[in-house]
2 protein chains.
Amino acid sequence: MAKQTITIYDVAREAGVSMATVSRVVNGNPNVKPDTRKKVNEVIERLDYHPNAVARGLASKKSTTIGVILPDITEMFFASLARGIDDIASMYKYNIILENSDEDVDKKVEVLENLLAKQVDGVIYMGNAIDDRLREAFKSARTPVVFAGSVDDKHSMPSVSIDNEAAVYESVRKLVENKNKKIAFISGPLSEPVNGKFRIEGYKRALADAKIDFNDNLVFETSNTYDDGIKLASQIASSDITAAFVANDSLAVGLLNGLQDLDVKVPEEFEIISSNNTSLAKMVRPQISSIGHPMYDTGAVAMRLLTKLMNKEEVEERNITLPYDMVFRQSTK
Amino acid sequence: MAKQTITIYDVAREAGVSMATVSRVVNGNPNVKPDTRKKVNEVIERLDYHPNAVARGLASKKSTTIGVILPDITEMFFASLARGIDDIASMYKYNIILENSDEDVDKKVEVLENLLAKQVDGVIYMGNAIDDRLREAFKSARTPVVFAGSVDDKHSMPSVSIDNEAAVYESVRKLVENKNKKIAFISGPLSEPVNGKFRIEGYKRALADAKIDFNDNLVFETSNTYDDGIKLASQIASSDITAAFVANDSLAVGLLNGLQDLDVKVPEEFEIISSNNTSLAKMVRPQISSIGHPMYDTGAVAMRLLTKLMNKEEVEERNITLPYDMVFRQSTK
DNA sequence: TTGAAAGCGCTAACAC
DNA sequence: GTGTTAGCGCTTTCAA
């Protein structure tokens with residue numbers, strides 16, 4: 001029953017016109033007489049013709065597909081960004097090829113090459129670490145790339161993100177105002193610029209403004225997982241630390257639960273402010289105060305920026321900083 | 001600086017062989033003399049040649065790309081499945097085009113057509129609702145499709161899922177064993193077969209086995225969101241219901257928190273068993289008992305099945321049922 | 001407003 | 001083992 005693939009040529013023949021004309025009506029080219037257009041459309045309908053995007057891509061050198069590289073789609077933060085990207089992409093008729101990188105350098109490079117082989121028209125990169133090899137690969141690609149949710153610390157790439165330094169500064173200042181003297185900084189790898197450069201700078205600046213000496217022992221470098229948050233709890237509980245900025249909601253929830261299991265009262269005895277404000281933050285008790293990161297918008301704006309880059313439009317600013325807000329809940333006084 | 005696209009033809013010329021030979025070495029065809037292969041590989045290296053997957057796709061009629069349709073990537077359940085799919089897909093050198101459907105019928109059909117236009121070699125469909133129009137579209141597509149995480153209730157499509165009827169039966173039996181007489185069934189739309197057919201059948205069967213009459217008033221049809229769980233709480237709290245099966249973790253957490261805000265003690269006064277056992281289940285307090293749905297594996301197995309279908313291999317069973325386990329935590333006695 | 005024809009970069013017979 | 005030669009299905013000059 002399955003009819004053979006029907007091509008533009010079949011339509012042309014049936015309609016008594018040339019393929020060029022069919023191509024024109026399919027692509028909405030105005031230079032077609034209404035009568036002809038009508039006739040062609042009828043044949044297209046009758047034959048149930050569907051243009052082959054691959055052939056189109058080869059001929060036009062445009063795939064209407066973009067690549068999205070992210071660490072892990074099961075992390076809420078990245079999934080939210082991806083959703084924003086996809087919505088805007090669909091709006092502009094682009095499709096998305098998703099690649100999980102697991103923050104592995106080799107895999108990232110491999111994945112990027114794969115994307116380029118598929119002739120993607122652009123790529124959106126999410127992830128915190130970016131090493132020179134990858135940066136090189138991005139640069140030599142003659143395909144626009146935009147960073148979403150993070151910035152290349154060397155600012156060599158277009159990007160969309162929030163001002164993490166300022167957000168952490170504000171968080172820690174709040175903790176200081178609440179009379180905490182020993183405030184921990186807890187994050188994933190400091191090798192990632194977002195942690196080791198931007199966030200910790202905000203932390204240090206807030207401390208300095210409050211005339212509190214920076215103490216290396218209050219910096220905890222871990223992973224972004226719930227389980228590591230739990231593990232950290234006993235260490236924290238047995239110290240004289242009374243508050244913490246935690247760079248990730250899952251990690252913060254782990255710490256919160258671990259602390260509570262140890263009978264530490266939050267926020268009475270320990271205050272927590274985390275980052276990203278994913279749905280998790282309001283699902284736990286006490287609810288967690290968090291930096292409201294506009295995740296969906298970050299993805300959406302990144303995708304919009306990418307469309308401009310792909311069209312070679314003039315963009316006033318290649319590094320876009322989106323506003324965040326502070327969401328104070330029950331984990332702070 | 002950006003070198004022009006270099007093609008298989010350039011390599012052939014430089015290496016002093018024909019394109020066919022280059023094509024052979026690129027594709028690992030054994031019929032090439034080692035010397036020739038070496039020479040060609042050197043040129044490929046030197047020229048930094050990368051095959052164009054689009055041209056390849058057009059010539060070979062294979063895109064090495066598969067389409068993935070899911071309701072919303074920000075839902076943990078689907079993100080986990082997607083991760084399983086992607087890992088196996090990469091293993092077999094396939095890429096994934098992601099499409100969010102929002103469970104909207106028109107969008108699904110549109111998205112499917114788009115995927116087919118892109119000549120995907122297969123598609124994995126996730127989602128609970130499937131109407132006739134979509135089923136038709138799937139059938140007329142000469143591209144293999146597999147359902148992941150749900151089954152077409154008419155079993156017309158290959159699928160990978162768990163036995164939801166049995167899982168809910170087991171959950172409700174546990175609730176019955178714990179001496180609950182009034183047990184609610186709370187789920188998303190009953191129009192979705194997974195709820196309105198499989199899960200509720202398990203619920204009814206467990207009730208029947210325990211000689212408890214089925215009562216329509218104990219069935220709550222809502223959405224799968226946290227907020228709706230919260231809203232439902234007061235209604236539940238003011239009834240004489242003492243336990244509930246909840247079809248989704250987020251929804252269950254909403255109910256749990258709502259109940260606790262109303263001073264209902266879980267599990268002492270109210271027991272909850274939910275479904276899927278996403279990471280959320282163990283992050284809230286009390287931790288939620290849940291049906292352990294092998295989400296990652298479901299995606300992985302579905303993708304594996306799809307590779308077989310795409311290769312036209314013989315498959316013994318088109319409808320695969322994966323085992324689940326019951327994870328009892330603190331929301332049940 | 002329309003058509004002819006030359007590719008886009010590659011695979012896959014088929015011949016040698 | 002290797003080369004020749006058609007296409008794959010479409011877009012895009014260039015002429016008419």
Side-chain angles (χ1 to χ4, degrees), chain A residues 3-41 43-44 47-65 93 113-114 116-121 142, chain B residues 3-41 43-44 47-65 93 113-114 116-121 142:
Chain A
K3 40 196 168 312
Q4 292 307 304
T5 335
I6 96 113
T7 74
I8 198 173
Y9 180 77
D10 300 312
V11 176
R13 185 171 26 73
E14 282 290 309
V17 298
S18 72
M19 329 172 18
T21 299
V22 178
S23 177
R24 287 189 187 99
V25 351
V26 167
N27 293 296
N29 183 317
N31 295 338
V32 182
K33 197 161 54 172
D35 274 5
T36 318
R37 180 184 305 281
K38 185 154 168 293
K39 186 173 54 180
V40 171
N41 276 324
V43 176
I44 286 179
L47 264 42
D48 193 30
Y49 165 71
H50 291 278
N52 178 325
V54 173
R56 209 182 248 197
L58 182 59
S60 67
K61 294 175 164 299
K62 289 205 291 273
S63 62
T64 60
T65 301
K93 306 293 180 205
E113 286 183 350
N114 185 240
L116 295 177
K118 292 251 160 124
Q119 313 300 118
V120 294
D121 298 331
R142 43 193 166 307
Chain B
K3 40 197 169 308
Q4 293 305 305
T5 335
I6 96 114
T7 75
I8 199 173
Y9 179 76
D10 300 311
V11 176
R13 184 169 28 72
E14 282 290 309
V17 299
S18 73
M19 332 172 16
T21 299
V22 178
S23 177
R24 286 190 188 99
V25 350
V26 167
N27 292 297
N29 184 317
N31 295 337
V32 182
K33 194 161 55 173
D35 274 4
T36 318
R37 180 184 305 280
K38 186 155 167 291
K39 187 173 54 180
V40 172
N41 274 324
V43 177
I44 287 179
L47 264 42
D48 193 30
Y49 166 71
H50 292 278
N52 178 324
V54 173
R56 208 182 249 196
L58 182 58
S60 68
K61 294 174 164 299
K62 290 205 292 276
S63 63
T64 60
T65 302
K93 307 291 178 205
E113 286 184 348
N114 184 238
L116 295 176
K118 292 252 159 122
Q119 313 299 118
V120 294
D121 298 331
R142 44 193 166 307

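Just so it is clear, the structure is predicted and the values come from calculations on it, not from any experiment. Hydrogens, waters and symmetry mates are skipped; everything else that's a heavy atom, side chains included, is used. Each chain gets a letter, A, B and so on, in the order its sequence line appears, and its residues count up from 1.
- B:A15 is linked by a side chain to side chain contact (heavy atoms under 4.5 Å, CB included) to B:V17, B:V40, B:V43, counting only residues two or more places apart in sequence or in another chain.
- Note on B:V17: only backbone sugar-phosphate atoms sit closer than 4.0 angstrom, heavy atoms only; bases stay farther off.
- Residue pairs meeting the side chain to side chain donor-acceptor pair (under 3.5 Å) criterion with at least one partner in residues 54-64 of chain A, sequence neighbours excluded, are A:S63-A:D121, A:T64-B:K118.
- When the P atom of C:dG7 is taken as reference, atom CG of B:N52 falls 18 Å away, rounded to whole Å.
- For B:Q119, the side-chain hydrogen bond (donor to acceptor under 3.5 Å, both in side chains) test picks out no residue, with sequence neighbours left out.
- Sequence order on DNA chain D of the closest nucleotides to A:A59 and B:A59 puts B:A59 first from the 5' end.
- DNA chain D is contacted by B:S18, B:A20, B:T21, B:R24 of residues 18-25 of chain B, taking any non-hydrogen atom closer than 4.0 Å.
- A heavy-atom distance below 4.5 Å is not found between the side chains of B:D48 and B:I6.
- Closest approach of B:A12 and B:S18 over heavy atoms only: CB-C, 3.7 Å.
- Atom C1' of nucleotide C:dT11 and atom CG of A:L58 are separated by 12 Å, given to the nearest angstrom.
- For residues 22-32 of chain B, the side chain to side chain donor-acceptor pair (under 3.5 Å) pairs, not counting sequence neighbours, are B:S23-B:N27.
- Between B:V54 and A:G57, the closest heavy-atom pair is CG1-C, 4.1 Å.
- Taking atom NZ of A:K61 as the reference point, atom C1' of C:dG9 lies 8 Å away to the nearest angstrom.
- If one axis is set at each end of the helix from C:dT1-D:dA16 to C:dC16-D:dG1 from five pairs, those axes are 30° apart, to 10°.
- Heavy-atom minimum distance, B:P51 versus A:A117: O-CB, 3.8 Å.
- Protein atom OH of A:Y9 is 13 Å distant from nucleotide atom C1' of C:dG3, rounded to whole Å.
- Taking a 4.0 Å limit (strictly below) on heavy-atom distances, residues 29-41 of chain A does not reach DNA chain D anywhere.
- Bracketed by its first and final contacts, the part of DNA chain D lying under 4.0 Å from non-hydrogen atoms of chain A reaches from D:dG9 to D:dT12 in 5' to 3' order.
- Spacing between atom NE2 of B:H50 and atom C1' of C:dC10 amounts to 16 Å, rounded to whole angstrom units.
- Every pair passing salt bridge (Lys or Arg N to Asp or Glu O under 4.0 Å) that includes a residue from residues 28-41 of chain B is listed here, sequence neighbours excluded: B:K38-B:E42.
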Before you tell me yes or no, could you show the steps for A:V26 and A:Y49 under side chain to side chain contact (heavy atoms under 4.5 Å, CB included), namely the whole-Å CA-CA distance, both residues' side-chain angles and the distance that decides it to 0.1 Å? CA-CA 10 Å; A:V26 167; A:Y49 165 71; 4.0 Å; yes

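- B:N114 pairs by the side-chain hydrogen bond (donor to acceptor under 3.5 Å, both in side chains) definition with A:N95, not counting sequence neighbours.
- For the pair B:T36/B:T21, a side-chain contact is recorded, criterion being any heavy-atom separation below 4.5 Å from C-beta on.
- Looking only at atom types and distance, the side chain of A:H50 has no donor-acceptor partner in the side chain of A:N52 under 3.5 Å away.
- As a whole-Å value, the separation of A:R13 CZ from C:dT2 C1' is 19 Å.
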